[in-house]
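Note that the structure is a prediction, hence the values are computed from the model and not measured.
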Amino acid sequence: MDLIFLIYRILLVQLMAPPNPLPANLTNRMVIMKRYSALIGVGLLFLTAVLISPLHAQPSKTRCLNIRAPQEGPAERLYFYSASGDVERLLDLRKHLISQGARKVNCFVPFIVVCEMPDALPYETLLLNSDITAMRENEINMDNPTGFIYGPKWVKQCYQLVDRAKIENPSIVFETARHDGFSFAPSEVFRRTTKSMPISSTEAEVRNFKQNSDVMLGDILAQFIYPESLGPQENWTDQALSAASGAAAMTLIFFQESHPSYPIDFLIRNITRSPTSTEPIGFVREDKAIWITDVMNNMGYMGDQSEFLQLVHQFNEEWRQRWHTDWAFTAFVVNSANDFDHRFGPGLTRYYAFGEHGGPCLAIPYPAGNPGTWTFRQVLKHEIGLVFWGMYEEPTQTTSCDDYSGYLRYRNWNKTVKYGPIPGSKEGCSTSIIPAFCIMNIDDVVEWWYDGPPCRHTDGMFGLADDNDNGVPDAVDEAPVVEFETAALESILTDEFELRFQAISYGVPNRNPYQNPAIRINYAVPVKDVSYKVNGVGPIRLLPADGESDETTEEFVGQLAELIPGLTEIEVVSRNTMGAISDPFLKRLYYLGLLYAHFRFGFDKDGIGISWNMLGDTFGAIFDLHRIGTDPEPYDSLIIADVQPSSTSNGYFTPYACVDQSVVPGAKYRYYVEGTFSVMYHGEEITITKRSKEFEIIATLPISKGSFISAPAPNPFRDETWISIIVPPTFRELGAQSPTPNGIPGGKQKTPAFQQEVPTVVNVTIYDAFGRKVKNLHSGSVLSTVLTIRWTGTNNNNQRVPSGVYFIKARAGDWTQAEKVLLLR
């Protein structure tokens with residue numbers, strides 16, 4: 001809808017604007033056609049907007065999701081360890097690594113950053129602070145005691161267990177994780193703090209409550225709170241905390257590994273032994289507000305039980321903004337070691353865990369269920385899926401196949417019967433497309449071992465679908481648009497132009513049915529760069545004017561020079577940081593000017609032949625040939641008025657030629673061409689005059705038919721004499737090794753097919769009557785033309801030679817000829 005009204009506005013501007021400043025012979029017809037076209041287009045677009053607007057009304061608020069596509073190719077896993085635990089320095093390093101192309105960047109606050117760095121860059125060059133140590137995975141000594149959670153050894157174990165889970169039975173791997181003895185000491189312990197002001201539901205809405213986990217892309221702050229009651233029922237041991245936090249970290253890595261080509265990065269924060277006066281494991285689902293409120297109050301986030309979700313949201317927002325992440329959620333991990341079945345609640349109402357649909361939190365026991373501690377990871381996946389708008393897909397749930405959820409409003413098509421249709425059970429939505437085991441449709445204990453990725457439609461709810469298979473998640477698969485500083489056709493009077501425009505990401509519309517359309521937020525990734533072509537030549541890449549690709553609206557400036565007169569079309573293509581590329585956006589310029597090119601001066605039996613080309617449009621200009629000099633006073637004479645084209649234009653250039661017959665052979669002359677035309681510009685007729693640069697040439701001497709050099713003139717001479725030489729063309733066959741002269745002196749030259757003209761070697765030498773070399777007058781290579789050369793009666797040492805007979809010998813390509821001249825002193 002926004003695009004429709006944008007086009008409408010552009011056409012309306014075109015309709016109401018004054019006539020474009022085009023040449024007089026084109027203006028009226030083009031303006032009339034354009035106005036009628038614009039009028040029809042406006043009417044059609046207005047009718048279309050009225051008809052479809054109720055179906056596509058979208059929120060106007062767009063927020064930057066500062067993510068970029070990970071680099072492809074081989075990568076090496078690197079560990080960066082901060083012994084000081086300085087969080088700010090660690091986060092600065094993390095940002096720097098991402099800017100250098102790192103992928104799968106996980107920050108285990110406050111000690112470790114782990115990433116995959118493409119191209120195996122020397123990791124020492126990536127360090128920003130001396131207190132941070134960089135290590136390759138094989139350099140981490142497994143026997144090296146870390147003394148606390150998130151040491152190199154502990155984090156390496158998490159990654160190794162995830163790697164093993166890809167090829168081994170997950171039940172064995174996760175049981176092993178329970179007993180591997182992660183080293184542990186509390187990373188962050190919250191105690192009762194000073195009371196703070198309560199948070200209201202209105203304030204929570206202002207702070208985008210239920211909007212902290214819209215899509216599973218970008219930087220995600222995952223906070224794990226481990227409550228500890230005042231009694232002995234739920235006291236955490238160091239070993240249990242280590243194993244639970246390790247399993248939680250592996251669960252996050254699982255989501256990352258399920259989509260290795262997507263930018264999914266985690267900041268993982270553990271808050272251990274957070275005090276509570278309750279026993280959370282004994283509460284039923286409906287009473288979760290009691291113990292969560294108690295935990296949050298003891299952490300300083302004050303409010304009553306009716307506001308428990310707002311309290312968690314306030315906690316998420318505070319740390320999300322402090323650490324500049326895109327999303328945040330909190331997981332309450334409850335100790336169930338002393339509970340007989342490791343589930344919440346008493347009696348028949350017991351359940352594994354619960355997650356709030358769309359966040360801000362989830363709650364889960366550790367261990368989770370009877371089969372073993374490895375079920376904790378599988379249950380946690382399921383609950384994190386709920387936080388990111390995944391739906392229940394078990395056949396026993398009340399959700400329907402026709403329910404929709406998530407940023408992309410994806411259908412709940414994974415709701416299947418896990419073992420195929422069973423008499424008396426619900427039929428699944430599909431029996432052929434979607435496999436039965438998905439992290440959101442497992443409701444039987446015996447299936448918690450499954451370690452597969454999210455199913456296709458679950459990914460859609462997370463915002464990770466890629467329905468067009470272009471490698472870009474659909475939630476951010478929207479290329480920027482280009483808005484020029486002046487959208488209409490512009491007429492300019494110089495051949496230089498500063499192209500200014502904006503590239504803007506509007507983002508894929510948020511269609512989450514569980515969010516009020518009035519407060520939905522569209523997320524767009526930053527504009528990365530643009531490229532443009534000028535009349536099909538290019539592309540030329542431009543970076544944002546501020547040098548940073550970090551905003552959804554970026555300014556661009558391009559400098560155009562030596563424009564061809566007439567219409568210039570500039571095609572601009574924009575690209576965002578996820579690699580989505582737009583269709584071309586067109587900018588049109590009309591340069592009102594003249595462009596001279598390819599001046600040539602040559603031999604003509606009647607005088608000096610002058611030819612040139614005009615590039616682009618000439619606008620019906622009149623061209624005059626001028627000759628200037630100082631004989632004896634400075635003068636500027638109009639030699640030939642209204643020079644006509646020597647042949648028709650080929651659409652790119654128009655050739656002109658004339659002959660100055662009023663010349664004296666051997667004399668030096670300077671010329672320029674001046675063109676003049678009139679045109680309508682901003683409603684007024686103006687006259688534009690442009691002259692070419694000046695050229696200097698010596699008038700050629702007459703050359704007899706069958707010769708390629710003239711007789712010297714004057715002859716005899718005292719101070720100087722002149723000679724003119726026809727330089728024949730030389731062609732090189734494409735792929736040939738040597739040039740081949742072609743042409744006949746005094747005749748027409750023919751260019752063979754598939755050959756290219758190259759310079760011809762020309763040597764002119766003076767000899768005395770005894771055949772001794774006196775002076776080299778010219779030695780070099782030139783394209784076919786007529787050379788006129790002067791000899792002042794000196795030798796190679798610039799000493800005057802005596803009177804006598806001399807010979808001027810010229811060799812041009814394969815042609816050789818000599819002329820006699822008499823010097824008199």
Side-chain angles (χ1 to χ4, degrees), residues 495 562 564-566 593-629 636-677 688-705 707-710 724-731 742-752 755-760 762 782-788 812:
D495 63 352
E562 299 183 358
I564 304 298
L594 299 172
L595 181 58
Y596 300 91
H598 307 136
F599 270 86
R600 299 188 73 171
F601 298 83
F603 162 78
D604 187 277
K605 61 183 179 65
D606 296 322
I608 297 177
I610 303 169
S611 63
W612 71 93
N613 291 327
M614 297 302 302
L615 295 183
D617 201 335
T618 61
F619 309 102
I622 295 175
F623 295 96
D624 298 331
L625 177 67
H626 289 251
R627 189 169 72 193
I628 58 178
D636 185 327
S637 301
L638 174 61
I639 303 300
I640 303 175
D642 195 7
V643 180
Q644 296 298 308
S646 57
S647 64
T648 58
S649 172
N650 68 355
Y652 182 67
F653 63 83
T654 304
Y656 289 79
C658 58
V659 178
D660 181 7
Q661 299 179 354
S662 59
V663 296
V664 176
K668 184 185 298 183
Y669 298 95
R670 291 163 61 202
Y671 296 95
Y672 70 87
V673 176
E674 185 173 78
T676 303
F677 65 94
I688 296 176
T689 300
K690 185 174 181 180
R691 59 187 287 180
S692 71
K693 64 180 181 180
E694 296 178 5
F695 295 90
E696 185 176 274
I697 189 171
I698 298 171
T700 59
L701 301 174
I703 300 176
S704 303
K705 186 175 182 179
S707 298
F708 79 98
I709 65 175
S710 68
S724 294
I725 303 167
I726 296 176
V727 179
T730 300
F731 301 98
N742 182 30
I744 302 173
K748 294 183 178 180
Q749 310 299 324
K750 181 179 180 181
T751 303
Q755 294 191 356
Q756 179 183 8
E757 183 178 355
V758 297
T760 299
V762 178
V782 295
L783 290 172
S784 58
T785 185
V786 177
L787 290 178
T788 299

Validation row: [X], [Y] side chains within 4.5 angstrom (heavy atoms):
| X | Y | result |
| --- | --- | --- |
| Asp660 | Tyr671 | yes |
| Thr730 | Glu757 | no |
| His626 | Val673 | no |
| Phe708 | Ile703 | no |
| Tyr596 | Leu615 | no |
| Val762 | Leu787 | yes |
| Thr676 | Phe623 | no |
| Thr760 | Leu783 | no |

Practice item. Could you go through the side chain to side chain donor-acceptor pair (under 3.5 Å) check for Thr648 and Asn650 one step at a time? Key: CA-CA 7 Å; Thr648 58; Asn650 68 355; over 6 Å; no

Give, for atom [atom1] of [X] and atom [atom2] of [Y], the distance between the pair rounded to the nearest 0.5 Å.
| X | Y | atom1 | atom2 | answer |
| --- | --- | --- | --- | --- |
| Arg670 | Asp636 | CZ | CG | 9.5 Å |
| Tyr669 | Ile697 | OH | CD1 | 11.0 Å |
| Thr654 | Asp617 | OG1 | CG | 8.5 Å |
| Gln644 | Cys658 | CD | SG | 11.0 Å |
| Ile725 | Ser707 | CD1 | OG | 12.0 Å |
| Met614 | Tyr652 | CE | OH | 12.5 Å |

Point to revise | Trace of the side chain to side chain contact (heavy atoms under 4.5 Å, CB included) decision for Ile610 with Arg600 | key: CA-CA 6 Å; Ile610 303 169; Arg600 299 188 73 171; over 6 Å; no

Exercise for review: Begin from the C-alpha positions of Lys690 and Glu674 and carry the test side chain to side chain contact (heavy atoms under 4.5 Å, CB included) through to its verdict.
Suggested key: CA-CA 6 Å; Lys690 185 174 181 180; Glu674 185 173 78; over 6 Å; no

Practice item. Evaluate the ring planes of Phe599 and Trp612, with Trp represented by its six-membered ring, and classify them as parallel (under 30°), tilted (30 to 60°) or perpendicular (over 60°). Key: parallel

Exercise for review: Taking the six-membered ring for Trp and the full ring for Phe, Tyr or His, determine whether the centres of Tyr672 and Phe695 are under 6.0 Å apart.
Suggested key: no

Review point. For the residue pair Ser710 and Leu701, what are the closest heavy atoms and their distance?
Key: OG-CB, 3.4 Å

**Study point:** Pro565 to Gly593 - nearest heavy-atom pair and separation
**Key:** CB-O, 3.3 Å

Practice item. Test side chain to side chain donor-acceptor pair (under 3.5 Å) on Tyr656 and Asn613 and set out the steps. Key: CA-CA 6 Å; Tyr656 289 79; Asn613 291 327; over 6 Å; no

Exercise for review: List the steps and the verdict of side chain to side chain donor-acceptor pair (under 3.5 Å) for Ser724 and Thr788.
Suggested key: CA-CA 4 Å; Ser724 294; Thr788 299; 2.9 Å; yes

